[in-house]
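See below for the structure under consideration.
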Amino acid sequence: LPLTNWEAVRSQFPILGDLMYLDNAATSFAPEPVLAAMDQFERTYRANVGRGVHRLTRIASQKYWHAHEIVADFINGTAGTTVFVKNTTEAVTTIARGLDWKTGDCVVTTILEHHSNLLPWRALEKYGVTVRVVGLKPDLTLDMDALRDAMDDSVRLVAVTQASNVTGTVVPVAEIAKLCKKHGSLLAVDAAQSVPHMPVDVVALGADFVSFSGHKMCGPTGTGVLWMKNPILEPLFVGGGMVEQVGEDSFTLTEGFHRYEAGTPNIAGGIGLGAAAVFLKDIGMQNIEARERELTNRLIEKLSAVPGVKLYVPADPKQRIGVVSFTIPGISPHEAAAYLDDEAGIMVRSGMHCAEPLMRYLECPEGTIRASIAFYNTESEIDTLAATIQEIAG
Ligand code: PMP
């Protein structure tokens, strides 16, 4: 860890300057190599991919294909089943719509889920699918006993986040994978908050599907990934670029990721996402995890010392990521967040965090204030945030 020069890493993000940005769970910033990769596409070889034979299309296709290989390698997957989508929401929806559900099928999920990993499953209820929601233990970790109780052979799929965007809770996915195997259930992991912040190996996880967003891992907005162990899903979209042949009254689909990427994709975005994966890999996900843990522990320690502030985080540093939710008595989360920006120039998120059932469960009717940390944040930002919270609470 001390080998990484975090100041130099931060200087790679042109937007940062003096900005105090602690809303990284919503979206992160893009470093120079990501911006350069997108710029180079636009300026020097912009063309459609997988179509035609001219020079530019060959360069663009090769770079776009290579981005799939890089991103697949980043999570220990294979390129053919690593599909580029628009965001996590589209990835989860592709899974939910891509399986042939039968009345009586059950989906098990958790109270931690972001709406994007809840509503696509809830939307299946009209086909006779039931959704079971597992709760938390008082320490805000997942209640694994309740999960075990929820499992039976009607459970077709378990949909679980690997890390919560509200409490930062890390869920023991590999353990859940074993339960899934026992009951013949598929496992779909929402890795939107884990892939950017810790090493994720999709094979070791034992998942069938893993979804995440490029824009939360220093990649472009409008990019996301759906990795699947086996290409068992019906594609969500059909059209150009994903067919083997189209006859008078029939068609056959191509193999590989193309099957799930109908139409002209976000080519600059996909190539930028590849550059983001290279950037993170070069720093090292273990280094990133350790750096963010250091900053997170510092923030939690400081906020814990402020009278009245209520934190919603697991106590064990190993069971949480750098997402720190809290409330301050007598001031609404939005008011506090506005004060933080207006008076101290610190940007945090406030409100429900697209997780309303969790907010009700935590008895936070107005939501929480949420500071979310990236490796490019600094000790001084953490200290300024804590001091300003002290001011608000005092
Ligand atoms: N799941 C989790 C855990 C998230 O944090 C988010 C983004 N806040 C999403 C899903 C949805 O991601 P996107 O908006 O990129 O689809």
Side-chain angles (χ1 to χ4, degrees), residues 21-30 71 75 83-97 107 109-123 133-134 136 140-142 158-171 173 176 187-198 200 205 207 209-227 236 266 269-270 272-273 276 292 312-314 319-325 347-359 361-362 367-374:
Y21 182 78
L22 287 161
D23 192 18
N24 295 288
T27 200
S28 59
F29 290 147
V71 172
I75 54 171
V83 178
F84 285 1
V85 293
K86 168 165 105 214
N87 48 36
T88 302
T89 307
E90 185 180 312
V92 177
T93 301
T94 303
I95 306 166
R97 297 288 167 90
V107 171
T109 186
T110 84
I111 193 70
L112 284 173
E113 306 310 317
H114 187 282
H115 294 162
S116 292
N117 195 34
L118 176 65
L119 302 190
W121 312 115
R122 284 265 177 240
V133 180
V134 173
L136 307 179
L140 303 184
T141 60
L142 189 66
V158 175
V160 67
T161 191
Q162 191 177 7
S164 160
N165 68 309
V166 176
T167 60
T169 302
V170 174
V171 169
V173 172
I176 296 173
L187 176 58
V189 177
D190 174 353
Q193 296 295 346
S194 54
V195 163
H197 303 290
M198 61 179 75
V200 172
L205 272 188
F209 307 104
V210 175
S211 308
F212 52 101
S213 295
H215 66 92
K216 293 181 198 283
M217 53 178 281
C218 304
T221 57
T223 65
V225 178
L226 168 58
W227 172 83
L236 186 57
N266 179 358
L273 177 56
E292 291 178 358
Y312 298 86
V313 293
Q319 294 191 62
R320 66 190 189 207
I321 57 163
V323 170
V324 181
S325 270
M347 285 170 271
V348 297
R349 175 84 182 266
S350 50
M352 309 301 262
H353 316 297
C354 299
E356 290 183 26
L358 177 58
M359 286 302 148
Y361 190 85
L362 296 175
T368 65
I369 308 157
R370 180 188 76 182
S372 53
I373 287 164

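Each ligand, and each atom within it, is numbered from 1 in the order the structure gives. Note that the structure is predicted; figures quoted are calculated from it, not measured.
For the pair Y312 and V323, the minimum side-chain heavy-atom distance is 4.5 Å or more.
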For ligand 1, list all ligand N or O to protein N or O distances below 3.5 Å, rounded to 0.1 Å.
{"residue": "ligand 1", "atom": "1 (N)", "partner": "D190", "partner atom": "OD1", "Å": "3.3"}
{"residue": "ligand 1", "atom": "1 (N)", "partner": "D190", "partner atom": "OD2", "Å": "2.5"}
{"residue": "ligand 1", "atom": "5 (O)", "partner": "Q193", "partner atom": "NE2", "Å": "2.6"}
{"residue": "ligand 1", "atom": "8 (N)", "partner": "H114", "partner atom": "NE2", "Å": "3.2"}
{"residue": "ligand 1", "atom": "8 (N)", "partner": "K216", "partner atom": "NZ", "Å": "2.8"}
{"residue": "ligand 1", "atom": "15 (O)", "partner": "S213", "partner atom": "OG", "Å": "2.6"}
{"residue": "ligand 1", "atom": "15 (O)", "partner": "H215", "partner atom": "NE2", "Å": "2.7"}
{"residue": "ligand 1", "atom": "16 (O)", "partner": "T88", "partner atom": "N", "Å": "3.3"}
{"residue": "ligand 1", "atom": "16 (O)", "partner": "T89", "partner atom": "N", "Å": "2.9"}
{"residue": "ligand 1", "atom": "16 (O)", "partner": "T89", "partner atom": "OG1", "Å": "2.5"}

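T368 and H353 share a side-chain donor-acceptor pair at under 3.5 Å. For the residue pair T88 / S213, a side-chain donor-acceptor distance below 3.5 Å is found, with atom types taken as modelled. The closest side-chain donor-acceptor pair between E90 and T93, if any, does not fall under 3.5 angstrom.
Considering every non-hydrogen atom in both A159 and W121, the closest pair reads CB-NE1, 3.3 Å.
By the salt bridge (Lys or Arg N to Asp or Glu O under 4.0 Å) test, R97 is found to be paired with no residue, residues two or more places apart in sequence or in another chain being considered.
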